[in-house]
Amino acid sequence: MTLESLLIFLLVGAIAGWLAGLIVKGRGLGLVGNIVIGIVGAFLAGWLLPQLGLYIGGGLVGAILNAMIGAIILLVIIMAIRKT
């Protein structure tokens with residue numbers, strides 16, 4: 001993995017986590033929290049969305065949307081677990 005691809009990977013994770021935090025919680029989760037939630041969400045959506053037959057376009061915007069959807073799902077699951 002090159003430095004450029006690593007930076008893009010972290011940037012996509014940070015943006016997706018931040019957007020998901022705004023949508024679910026009304027605020028971001030901090031830089032590290034945004035990156036972690038965004039990256040884990042990207043892996044979750046990368047597995048889940050094709051299982052459901054949903055495909056989001058490619059490129060940077062598609063990657064951010066895909067990661068954001070996964071991060072939203074992840075945050076909702078975390079919030080449901082914490083409430084029980």
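Just so you know, these numbers use all the heavy atoms, side chains as well, and skip hydrogens, waters and symmetry mates.
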In Å and rounded to the nearest 0.5 Å, what is the CG to CD1 distance from Leu22 to Ile72? 10.0 Å
Does any part of the side chain of Ile56, heavy atoms only, come nearer than 4.5 Å to the side chain of Val61, both counted from C-beta? no
With clusters defined by side-chain heavy atoms of hydrophobic residues (ILVMFWY) lying less than 4.5 Å apart, directly or transitively, does Leu60 cluster with Tyr55? no
Are any non-hydrogen side-chain atoms of Met79 and Val76 less than 4.5 angstrom apart? no
Got a sec: does the CD of Glu4 have more than 12 other heavy atoms crowding it under 6.0 Å? no
List, by chain and number, the other hydrophobic cluster members for Leu7, where Ile, Leu, Val, Met, Phe, Trp and Tyr join if side-chain heavy atoms come within less than 4.5 Å, directly or indirectly. Leu3
Ile15 meets the side chain to side chain contact (heavy atoms under 4.5 Å, CB included) criterion, sequence neighbours left out, with Leu11, Leu19, Ile64
What donor-acceptor contacts under 3.5 angstrom involve side-chain atoms of residues 28-50, with partners at least two apart or in another chain?
from  : atom 1 : to    : atom 2 : distance (Å)
Asn34 : OD1    : Leu29 : N      : 3.0
Asn34 : ND2    : Gly30 : O      : 3.2

Met68 CE to Leu74 CG distance, which is reported to the nearest 0.5 Å: 14.0 Å
